[in-house]
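Here's the structure we're looking at; comments come further down.
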2 protein chains.
Amino acid sequence: MKSAELCPRFESGMELLSKRWTGLIIFRLLEGSQRFSELESSLPISGRLLSERLKELEAAGIATRTVYPDTPVRIEYELTEKGHALRPVITSIREWAEKWITPDEPAPTKQ
Amino acid sequence: MKSAELCPRFESGMELLSKRWTGLIIFRLLEGSQRFSELESSLPISGRLLSERLKELEAAGIATRTVYPDTPVRIEYELTEKGHALRPVITSIREWAEKWITPDEPAPTKQ
DNA sequence: TATATGAGGTTACGAAAAGTAACAAGTGTA
DNA sequence: TACACTTGTTACTTTTCGTAACCTCATATA
């Protein structure tokens, strides 16, 4: 397994987006800020992984975490400018999927 | 973990693209048909996974596998129309990465 | 005949990541 | 005190990944 160079930035970006769930979380956050529980209930992802992914997105500068000391505490996740810049990516995936994925297509990668 | 509906086609497409290496393989194939060994040596992926991913791409109708009975045998992988339709996706990821990933950024998801 | 070489994989197995469920911290309410 | 609500975390099982060794088929060489 060699590490030949394509564009290292592209590779880095692709690695980010190609982690499971990351794309769907960003899709949700593009609709506006979301609470932890909103994301958890609107995506087929467990709390453990959601927590992990949100930390990664924060670390990558794509999302922010804001604590509102209501009762009970309310925490909102929101995209940064870098995160919002991913809208064209998500849009192009959605357009491709709408054209090329048939509605009854079986899950693509299970065998 | 509930499976709430966003667009099931988007979800399906995202699942495909968010498998590790799939994006980079498609990136390579967008440059033209490639042999197994070319892909293997130009990407940091092992033969085992490359074989697995190529089968998945074939099953999803994104790539084709053609055998040329030279000696030794030569096998070329090539994108289908559905595969070529992913060019805007790859392009938008590359554009985002070029603008927002700093060259010295550490690998995004390792902790 | 025996063996070597090259392409394109497959198998076996340990390591890492994902999935599941139960539990914990902080705060306020009955 | 007991309970509830949100946002996580811990412990444990299952699936996927990474590495290296091996296999198949066809020709080439000793």
Side-chain angles (χ1 to χ4, degrees), chain A residues 1-4 11 14-26 28-29 33-60 63-78 106-111, chain B residues 1-4 11-12 14-25 28-29 33-60 63-78 106-111:
Chain A
M1 196 162 107
K2 305 172 201 172
S3 190
E11 213 172 322
M14 199 69 227
E15 189 175 334
L16 228 157
L17 286 170
S18 76
K19 286 218 94 169
R20 198 165 188 191
W21 307 121
T22 305
L24 296 178
I25 293 170
I26 291 168
R28 280 299 186 208
L29 291 178
S33 71
Q34 306 269 327
R35 304 178 58 170
F36 187 91
S37 55
E38 287 178 304
L39 288 168
E40 192 176 15
S41 65
S42 75
L43 293 173
I45 184 179
S46 68
R48 199 184 71 75
L49 263 277
L50 180 55
S51 172
E52 206 170 296
R53 286 295 177 273
L54 287 170
K55 278 184 198 163
E56 288 165 6
L57 290 176
E58 242 196 301
T64 57
R65 177 181 189 273
T66 310
V67 181
Y68 297 93
D70 297 1
T71 182
V73 68
R74 182 166 57 90
I75 290 171
E76 300 249 339
Y77 290 91
E78 194 168 3
T109 54
K110 287 167 189 160
Q111 24 189 20
Chain B
M1 194 163 108
K2 305 171 199 170
S3 190
E11 211 172 325
S12 205
M14 199 70 228
E15 188 174 335
L16 228 157
L17 286 171
S18 75
K19 288 217 92 168
R20 197 164 192 194
W21 307 121
T22 306
L24 296 178
I25 293 170
R28 279 300 186 206
L29 292 177
S33 70
Q34 306 269 326
R35 303 177 61 168
F36 187 91
S37 53
E38 287 178 303
L39 288 169
E40 192 177 15
S41 63
S42 74
L43 292 172
I45 184 178
S46 68
R48 198 184 72 75
L49 264 275
L50 180 56
S51 173
E52 207 170 294
R53 287 295 178 273
L54 287 170
K55 277 185 198 162
E56 288 165 7
L57 290 176
E58 243 195 300
T64 57
R65 177 182 189 274
T66 310
V67 180
Y68 297 93
D70 296 1
T71 179
V73 69
R74 180 167 58 91
I75 290 171
E76 301 249 340
Y77 291 90
E78 195 168 4
T109 54
K110 285 166 190 162
Q111 27 190 17

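So you know, we letter chains A, B, ... as the sequences are listed, proteins then strands, and number each from 1. FYI, side chains are in, hydrogens and waters are out, and symmetry mates aren't considered; it's all heavy atoms of this structure.
Taking every side-chain heavy atom of B:V73 into account, C:dG8 is the closest of D:dC5, C:dG8, D:dG8. Side-chain atoms of B:P72 lie closest to C:dA7 of the nucleotides C:dA7, D:dG18, D:dC17. Between D:dT6, C:dG6, C:dA18, one nucleotide has an atom nearer to the side chain of A:R53 than all others, and that is C:dA18. Of the candidate nucleotides D:dG18, C:dA18, D:dT19, C:dA18 has the atom lying nearest to any side-chain atom of A:L49. Of the listed nucleotides (D:dT7, C:dT10, C:dG8), D:dT7 has the atom at the smallest distance from the side chain of A:F36. Distance from the side chain of B:S51 is smallest for C:dT10 among the nucleotides D:dT9, C:dT10, D:dT6.
Rounding to whole angstrom units, CG of residue A:L50 and P of D:dT9 are separated by 11 Å. Distance A:I75 CD1 to C:dT27 P: 12 Å, rounded to the nearest Å. A:L39 places its CG atom 14 Å from the P atom of D:dT6, with the value rounded to the nearest Å. We find that OH of A:Y68 is positioned 22 Å from P of C:dG26, with the value rounded to whole Å. The separation between A:D70 atom CG and C:dT29 atom P is 12 Å, rounded to whole Å. Between the P atom of C:dG19 and the CD atom of A:E40 lies a distance of 13 Å, rounded to the nearest Å. Remark: P of D:dT9 and CZ of A:R48 are 11 Å apart, rounded to the nearest angstrom. Atom C1' of nucleotide C:dG9 and atom CZ of B:R35 are separated by 13 Å, given to the nearest angstrom.
Remark: B:E56 CD to B:W21 CH2 distance equals 14.0 Å, nearest 0.5 Å. Residue A:E76 holds its CD atom at 6.5 Å from CD of A:E38, rounded to the nearest 0.5 Å. Interatomic distance, OG of A:S51 versus CG of A:L39, reported as 11.5 Å (0.5 Å rounding). Rounding to the nearest 0.5 Å places CG of A:L16 at 10.5 Å from CE of A:M14. Remark: B:S33 OG to B:R35 CZ distance equals 10.0 Å, nearest 0.5 Å.
For the pair A:W21 and C:dG19, the criterion of a side-chain N or O lying under 4.0 Å from OP1 or OP2 is met. Taking only side-chain nitrogens and oxygens, B:S37 comes nearer than 4.0 Å to OP1 or OP2 of C:dG8. Using a 4.0 Å cut-off, some side-chain N or O of A:K55 falls inside it from OP1 or OP2 of D:dT9.
Residue B:R74 is in sugar-phosphate contact alone, with no base atom involved, counting any heavy-atom pair closer than 4.0 Å across all strands shown.
Scanning atom types as modelled, no donor and acceptor separated by under 3.5 angstrom connect the side chain of A:R20 and the base of C:dA17.
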